[in-house]
Amino acid sequence: MRETLPTRFEPSQFEGKWYAAWEASGAFTPELPSSKPPFVILIPPPNVTGKLHIGHALQFTLQDIMIRFKRMDGFNALWLPGTDHAGIATQVMVERELAKEGLSRHALGREKFLERMWAWKNQYATNISSQAKALGASCDWTRERFTLDPMLSRAVIHAFVRLYGEGLIYRAHRLINWCPRCLTALSDLEVVHKDINGGLWDFAYPVEGGGEIVVSTTRPETMLGDTAVAVHPEDPRYRNLIGRFIRHPFVDRRIPIIADAELVDPSFGTGAVKVTPAHDPNDFATAERHNLPKVNILNPDGTINEAGGRFAGMDRFAARKAVLEALAELGLRRGEKAHRHAVGHCQRCDTILEPYLSDQWFVRTKPLAEVALEAVRKGEVRLHPEFWVATYENWLTNILDWCISRQLWWGHRIPAYYCPEGHITVAEQAPAACETCGAAVEQDPDVLDTWFSSALWPLSTLGWPEETEDLKAFYPTQLLITGFDILFFWVARMIMMGYHFRGKPPFLQVHLTGLVRDAQGQKMSKTKGNVMDPLDLVRTYGADAVRFTLAALASPGRDLPLDVRRMEGYRAFATKLWNAARFVQMHLAGDEAELESLHLQNLSLPERWLLSELTEATAAVREALEGFRFDEACRILYQFVWNDFCDWYVELAKPVLTGVSAARSPQVVRSTARGVLLEALKLLHPIMPFITEEIASHLGFSGMLITAPYPKVREAWRFPEERALFRSVQGVVQAVRSYRHLVGLPPTAPLSVVLENPPAGVAQAFAELRDEVVRLAALSKLATEGAVPAGAVRDAVGELRFAIVLPEGAFGAKEREKLAKELSATQEELARLRARLADASFVTRAPEEVVAQSRARERELAHRAELLGETLGGGA
RNA sequence: AGGCGCGUAGCUCAGAUGGUUAGAGCGCUACCUUGACACGGUAGAGGUCAGCGGUUCAAGUCCGCUCGCGCCUACCA
């Protein structure tokens with residue numbers, strides 16, 4: 001005998017049990033080889049920087065829904081989990097921890113520091129996987145990966161060496177984004193532009209031989225590195241100054257006044273531009289055109305170096321003030337105004353970045369980007385929602401080379417080796433000697449951008465460059481679900497690398513999720529204190545309610561305002577489901593047939609109706625999931641379970657199961673209730689895996705839902721006629737209840753209803769469900785034929801007219817007024833409809849169905865208007 | 001400066017290819033402790049679909065403009 005469902009729904013009582021059972025069953029691990037088609041999702045590897053946040057919970061939920069859906073639906077499903085070492089992000093965390101102990105990474109040394117990093121990683125990777133498990137994520141933990149694993153590292157190094165060999169990776173002395181706090185280069189994407197209230201200062205350079213030229217700058221300290229002043233060649237104000245020189249007031253340098261049409265917009269400011277090639281990208285380009293020297297004035301930590309003369313040693317911002325003061329002393333300050341402009345900040349530590357001249361490694365992105373662009377344009381990779389395509393194209397079209405070297409220790413060390421002569425040897429294995437001159441070599445101390453290894457994730461996790469079974473079976477993957485914020489950082493780069501190394505896309509579809517926000521729509525952040533911990537939510541509401549909420553909020557292309565009241569609502573839904581199951585279970589008698597084996601001919605109206613609704617729901621849920629409409633899937637299931645199954649079917653089942661009604665077979669009702677509930681549980685399982693599994697086991701379901709076939713649409717279960725008939729029953733029941741409220745009668749006060757000349761099918765339906773309808777509408781009598789008693793209220797639902805006998809005097813002035821309002825609304829609509837039908841252009845141009853629909857509606861309204869009129873006019 | 005998204009009930013959001021009375025959840029009101037469930041039941045109230053103009057027999061839905069809000073990309077000193 002199966003166990004009785006506990007009275008109280010207590011998710012924590014069974015969540016752990018089911019997760020363990022699923023994992024132990026091997027359901028998370030795909031077959032290999034397999035005759036089933038593959039369905040593979042690679043997890044966007046969370047950073048091992050700390051705990052998972054609610055955004056991860058969202059993505060895990062959506063990925064798990066798809067994986068469970070496809071697994072049940074006959075696919076060889078693989079959801080491959082893993083974590084990302086997250087170079088700078090993690091190193092910043094650990095350095096912060098070290099700082100608390102009064103240590104620094106340099107004090108520790110590279111080796112000891114990396115030991116600390118690994119300890120950190122081990123702790124957080126474990127945290128992350130246990131959080132994923134708490135949410136029910138059905139990942140294949142036997143394939144869990146980490147970006148610094150030997151297998152993955154090998155792929156990263158291999159890719160680097162190959163790209164270098166192909167000329168797609170190169171080393172260059174360039175301006176890059178430099179973080180003076182992290183002491184590393186950053187890619188353009190890692191720069192966060194923020195509008196700052198700064199200043200725009202004017203100062204004069206005295207020109208040799210007399211006169212001066214006034215320039216404007218937002219960063220006065222950079223004038224220490226000026227190697228020219230540029231004007232527009234056509235500008236009459238300065239034409240005579242071109243070719244003359246300036247004696248720099250603070251450093252020992254003569255700088256020329258040059259003409260450059262590209263750099264200078266004569267209408268901006270004074271029309272003269274100071275040129276600082278080592279600290280401004282535009283100026284750098286200008287210097288290339290004019291062969292100007294590039295004077296670096298900064299140390300890596302942002303202090304002024306010896307090139308800054310007497311300002312050397314000052315921090316860049318202190319130097320800014322000092323330079324301005326010094327200019328004032330010389331009488332060279334000219335003007336200053338407030339100036340709001342975008343300034344680049346470090347994504348990880350928020351420090352203001354400097355354009356900085358240094359030797360770095362770059363990826364030549366153009367050829368890779370072209371292929372990636374084409375892939376999306378041709379639809380080989382499809383982005384959802386589709387409007388992201390425009391953003392994607394825009395970025396890839398204007399892409400610049402990607403700086404991939406980082407002056408960090410936590411990451412994949414660049415496989416480049418230098419000899420004292422400066423020759424470069426790039427190799428997967430450390431070479432014994434320089435391949436050019438045979439001298440001893442030393443490896444580049446730098447590591448690769450974390451995103452370089454992330455870009456290879458679809459390849460490296462499956463064992464590439466080896467031709468592994470996994471690679472052959474699971475590449476390309478079917479779906480990627482991730483946040484839109486890493487479309488460029490990650491998605492685009494995976495597409496580039498996937499095509500380059502494998503000739504195929506890494507995934508066929510990408511679903512980009514929105515951002516989880518708080519109830520007020522604010523971005524969640526630690527500083528605002530509005531972050532929600534997914535594990536807390538799981539403890540409070542249960543994993544299923546958390547999942548359902550996130551899925552229900554996940555409308556495509558929108559952010560998700562997460563309100564705990566909403567989650568309370570969905571916990572209530574879980575409770576409702578639980579209680580419905582308790583009802584079904586307590587009436588089980590052991591004679592239940594499987595749903596499929598019920599003889600359809602023997603089914604009564606409510607069973608046929610319910611199967612119809614189930615079938616509609618099945619079709620709609622499947623379609624919703626295929627199109628990543630998680631919100632739709634939730635809505636459909638919520639309505640089916642609550643409105644159709646609980647509110648109607650269970651209520652209709654009660655008279656039968658308690659012996660009040662003998663019109664229907666209790667055995668059929670039991671079988672249908674159990675069977676349909678099980679189907680609903682299967683439909684819900686991808687979204688709410690724990691509670692569905694728990695209930696199914698209590699209903700005597702053999703096996704586990706996780707591997708049960710996902711319900712398919714069965715045409716035999718569609719009964720359109722019965723569906724319509726049942727709706728008229730619902731309509732009458734609801735009308736009676738409504739009238740009862742209208743006249744203020746208690747819900748149990750008995751009324752009687754007479755159907756007026758119902759069509760044969762309808763009369764039969766009501767006759768069959770007499771006991772149920774009497775109960776649902778609290779009737780004393782339901783007549784399917786007979787004369788309308790005097791004084792009865794008359795109304796219609798669709799084509800069906802009926803009369804309700806109310807107690808003497810119940811239908812007073814207030815009620816008449818209410819009904820009169822109803823009547824006039826009906827008449828108004830009728831008038832509008834008739835006007836439309838009288839319009840020849842509507843009748844001739846609108847499609848036939850639309851016209852037919854309007855005619856039918858017209859009949860109904862006319863009908864109802866007449867009956868309501870009679871009720872009011874008849875002095876009832 | 002370009003590009004994208006959004007503006008529908010008190011709140012948060014759904015509303016393919018234009019077509020009946022614009023939906024849901026929460027909240028609100030009234031009544032109901034009925035043997036699955038008060039995390040419940042029943043019935044309600046609540047919307048000039050941001051504004052203006054256009055296309056159409058018909059527009060929340062298509063087009064243009066305006067006004068708000070948000071985001072992304074960008075080397076204007």
Side-chain angles (χ1 to χ4, degrees), chain A residues 5 7 9 175 188 193 200 215-219 222 230 263-265 268-276 280-285 339 341-342 344 355 385 387-388 390-391 394-395 398 484-485 487-488 515 519-521 545 552-553 555 557-563 565-566 568-587 627 629 631-632 634-635 638-639 646-647 650-651 654 658 734 737-742 744-748 775 778 825-826 828-829 832-833 836 839-847 849-851 853-854 856-858 860-861:
Chain A
L5 275 165
T7 316
F9 161 56
L175 270 189
D188 295 336
H193 295 276
L200 184 63
V215 294
S216 306
T217 181
T218 54
R219 295 183 295 158
T222 61
L263 180 70
V264 184
D265 170 4
F268 185 93
T270 61
V273 185
K274 61 188 274 309
V275 182
T276 322
D280 182 281
N282 282 323
D283 296 0
F284 182 88
H339 184 63
H341 61 130
F387 63 72
W388 285 112
T391 309
N394 189 43
W395 186 70
N398 300 309
F484 65 84
D485 51 327
L487 178 60
F488 306 145
L515 218 66
Q520 281 70 45
L553 289 173
S555 299
R558 281 190 97 115
D559 286 344
L560 297 78
L562 182 58
D563 190 333
R565 286 176 307 176
R566 187 101 185 226
E568 284 165 11
Y570 292 128
R571 180 181 53 186
F573 174 63
T575 308
K576 185 78 179 176
L577 184 66
W578 184 266
N579 286 311
R582 285 180 55 226
F583 172 84
V584 171
Q585 194 199 30
M586 76 178 52
H587 287 99
R629 289 305 304 264
D631 56 333
E632 282 280 298
C634 288
R635 215 200 70 231
Y638 186 99
Q639 284 182 357
C646 294
D647 291 348
V650 165
E651 293 307 319
K654 284 176 182 173
T658 55
Q734 282 168 335
R737 287 166 173 169
S738 181
Y739 273 101
R740 189 193 312 276
H741 274 276
L742 176 66
L745 288 173
T748 48
R775 182 178 169 281
T826 308
E828 267 174 46
E829 199 199 330
R832 278 200 305 273
L833 203 59
R836 191 190 302 171
D839 184 349
S841 56
F842 171 70
V843 179
T844 54
R845 294 199 190 193
E849 325 164 3
V850 174
V851 177
Q853 261 175 13
S854 300
R857 179 71 183 155
E858 185 207 4
E860 278 180 29
L861 288 172

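Convention: sequence-line order gives letters A, B, ...; per-chain numbering from 1.
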Can you list everything that forms a salt bridge (charged side-chain N to carboxylate O under 4.0 Å, His left out) with [X]? Sequence neighbours excluded, please.
X       : answer
R582(A) : none
R565(A) : D563(A)
R566(A) : none

Select base, sugar-phosphate, or nothing to describe what Q734(A) touches, counting heavy atoms under 4.0 Å on all strands.
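Sugar-phosphate contact only.
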Between the protein and nucleotides 20-22 of chain B, list every N/O to N/O distance that falls short of 3.5 Å.
residue, atom, partner, partner atom, Å
rU21(B), OP1, E829(A), OE2, 3.4
rU21(B), N1, R857(A), NH2, 3.3
rU21(B), N3, R857(A), NH2, 2.9
rU21(B), O4, R857(A), NH1, 2.2
rU21(B), O4, R857(A), NH2, 3.2

Test side chain to side chain donor-acceptor pair (under 3.5 Å) applied to [X] - qualifying residues, sequence neighbours left out:
X       : answer
Y739(A) : D795(A)
E568(A) : none
K654(A) : E651(A)
D485(A) : none

What is the per-nucleotide protein-contact pattern of nucleotides 31-40 of chain B, from the 5' end, where B denotes a base atom under 4.0 Å from a protein heavy atom, S denotes such proximity for sugar-phosphate atoms only, and - denotes neither?
S----BB-BS
With sequence neighbours left out, what residues match F583(A) under ring-ring contact (aromatic ring centres under 6.0 Å, His included)?
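So F583(A) forms a ring-ring contact (aromatic ring centres under 6.0 Å, His included) with H587(A).
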Quick one: list whatever passes ring-ring contact (aromatic ring centres under 6.0 Å, His included) with H341(A), sequence neighbours left out.
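ring-ring contact (aromatic ring centres under 6.0 Å, His included) list for H341(A), sorted by chain: H339(A).
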Flag side-chain contact, heavy atom, 4.5 Å: D839(A) against V843(A):
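Heavy-atom side-chain distance check fails, nothing below 4.5 Å.
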In whole angstrom, give me the gap between the C1' atoms of rG70(B) and rA36(B).
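The answer is 45 Å between these two C1' atoms.
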Kindly give the atom pairs (protein nitrogen or oxygen, nucleotide nitrogen or oxygen) under 3.5 Å for nucleotides 4-13 of chain B.
residue, atom, partner, partner atom, Å
rC13(B), O3', R558(A), NE, 3.4

Considering only side-chain heavy atoms of R629(A), which listed nucleotide, rG19(B), rC72(B), rG15(B), is closest?
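Output: rG15(B).
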